[in-house]
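This report refers to the structure that appears directly beneath it.
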Amino acid sequence: MNRLKPDHRYADGPDVPRCAKKEFGVVLRERVRDVVDGKRFQRFVIGVIVVNAITLGCETSATAVAAYGGALSAVDTIALAVFVVELAARLYAHRLAFFRDPWNCFDLVVVGVSLLPAAGPLSVVRSLRILRALRLIAMVPSMRRVVSALVRSIPGLLSLSGLLLLVLYVGSVVAVNLFRPSGDPRFADLGATVLTLFQITTGDGWSDVMRDLMVTQPLAWLFFVVYLLVGTFTMLNLFIAVVCSAMEPDTPAATDAPAGTDTPAGTDDRVLADEIRALREEIRDLRLERVGR
């Protein structure tokens with residue numbers, strides 16, 4: 001008596017299309033990720049940002065708007081559409097990991113502001129479209145490194161700012177007591193003196209203030225020389241030192257290479273990126289092979 005044997009070819013029949021669909025979605029997501037993270041696509045977006053920034057600048061000219069207003073508006077609309085599609089593709093490729101990168105959040109806010117209606121009480125938002133030019137910071141790695149270094153240096157800059165305010169306050173109190181008898185309105189009270197010394201700190205017209213006071217007080221130059229050395233030159237160099245020290249971690253270190261070898265800056269990063277790219281291609285090929293099976 002012949003017994004019917006189950007056909008194992010169709011044992012998993014209902015799950016095969018679902019699995020294939022899932023694998024196709026993963027492969028598609030990886031392909032989109034490779035495109036949006038590729039150098040060619042990044043350069044294309046940078047070019048769109050530059051062109052859009054130029055058109056927004058041209059829209060400030062009444063002559064340019066009268067002659068090419070329609071073309072400028074069309075370029076602006078196309079650029080905004082490109083930015084929206086780019087962000088949507090990056091969000092699809094990276095999913096929740098998209099929001100872990102602060103630069104992605106920055107791009108999302110800038111493009112989101114551009115999508116707000118520019119009519120009625122929100123008409124001022126139209127002028128904020130120029131913020132799209134700031135996306136160059138997120139797209140160009142060198143600019144990103146500088147901004148990241150500035151953010152890391154904020155604690156040190158705040159401490160130096162507090163020290164500068166202390167020097168400014170002490171110098172203002174001394175200057176009021178020294179130069180108020182001369183009758184100069186720039187040193188009449190503490191507020192006017194703080195404003196005058198802040199102007200001197202920026203290096204604006206300090207020699208004129210000093211020479212005006214030297215007419216009645218010949219030794220006034222001593223105060224200004226000391227204040228300039230402490231409040232301007234020293235503090236300015238400290239600000240530069242804090243920012244430079246914050247940028248050191250982002251600078252490729254050539255001293256890590258063995259003696260006698262000339263290792264180009266960033267070689268290790270390029271090798272690692274090539275290895276990751278090769279691994280991604282191998283994984284994609286394996287998944288495509290699995291889908292084909």
Side-chain angles (χ1 to χ4, degrees), residues 12-52 78-112 132 134-149 151-152 247-258 261-293:
D12 297 332
D15 296 334
V16 171
R18 187 181 305 170
C19 180
K21 184 177 180 181
K22 181 178 180 182
E23 291 295 334
F24 176 77
V26 172
V27 173
L28 179 62
R29 182 174 291 108
E30 288 191 354
R31 288 186 175 180
V32 173
R33 183 187 300 123
D34 291 340
V35 171
V36 297
D37 293 340
K39 290 184 178 180
R40 292 183 179 178
F41 186 79
Q42 299 291 330
R43 291 171 181 171
F44 169 73
V45 174
I46 290 174
V48 174
I49 293 173
V50 173
V51 172
N52 187 221
I78 294 173
L80 181 58
V82 171
F83 296 151
V84 172
V85 172
E86 179 226 351
L87 284 179
R90 285 163 59 185
L91 185 59
Y92 170 76
H94 298 283
R95 294 191 290 184
L96 293 179
F98 175 88
F99 298 98
R100 297 175 186 171
D101 189 352
W103 292 110
N104 290 337
C105 299
F106 174 78
D107 291 342
L108 187 63
V109 171
V110 171
V111 176
R132 299 178 206 165
L134 295 179
R135 294 198 62 205
L136 284 175
I137 300 175
M139 303 299 296
V140 181
S142 58
M143 292 185 181
R144 249 191 344 253
R145 286 194 293 269
V146 173
V147 174
S148 299
V151 172
R152 287 196 302 269
M247 293 183 65
E248 286 180 359
D250 293 331
T251 304
T255 56
D256 295 337
T261 61
D262 296 331
T263 304
T267 300
D268 295 339
D269 295 339
R270 288 196 297 269
V271 172
L272 182 59
D274 293 338
E275 293 178 355
I276 294 175
R277 192 177 299 108
L279 289 174
R280 285 183 176 177
E281 293 177 356
E282 292 179 3
I283 294 173
R284 188 189 310 113
D285 293 339
L286 291 174
R287 287 175 173 169
L288 286 174
E289 183 179 355
R290 183 178 177 183
V291 172
R293 291 178 181 176

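Counting begins at 1 with the first residue of the sequence.
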Checklist line | side-chain contact (heavy atoms from CB on, under 4.5 Å) partners of Glu275, counting only residues at least two apart | finding: Val271, Leu272

Next item on the list: List in chain and number order the residues that pass side chain to side chain donor-acceptor pair (under 3.5 Å) with Arg33, two or more places apart in sequence or in another chain; answer none if no residue qualifies.
Entry: none

Check: Are Val111 and Leu80 close enough that some pair of their side-chain heavy atoms sits under 4.5 Å apart?
Finding: yes

Notebook entry, point to check: Arg29: what forms a salt bridge (Lys or Arg N to Asp or Glu O under 4.0 Å) with it, not counting sequence neighbours?
Noted result: none

Check: Which heavy-atom pair separates Ile137 from Val147 by the least distance, and what is that distance?
Finding: CG2-CG2, 3.4 Å

Next item on the list: Enter the distance from Asn52:CG to Ile78:CD1 here, rounded to the nearest 0.5 Å.
Entry: 10.5 Å

Notebook entry, point to check: Heavy-atom distance under 4.5 Å between the side chains of Phe83 and Ile49, does that happen here?
Noted result: yes

Check: Trp103 and Ser148: which non-hydrogen atoms are nearest, and at how many Å?
Finding: CZ2-OG, 4.1 Å

Checklist line | Atom CG of Leu279: over 12 foreign heavy atoms under 6.0 Å | finding: yes

Item checked: side chain to side chain donor-acceptor pair (under 3.5 Å) partners for Arg277, two or more places apart -> Asp274

Could you give the side-chain donor-acceptor pairs of residues 37-47 under 3.5 Å, partners two or more places apart or in another chain?
from	atom 1	to	atom 2	distance (Å)
Asp37	OD1	His94	NE2	3.4
Asp37	OD2	His94	NE2	3.4
Gln42	NE2	Val36	O	2.5

Item checked: Glu30: salt bridge (Lys or Arg N to Asp or Glu O under 4.0 Å) partners, not counting sequence neighbours -> Arg287

Checklist line | For Asp101, side chain to side chain donor-acceptor pair (under 3.5 Å) partners two or more places apart | finding: none

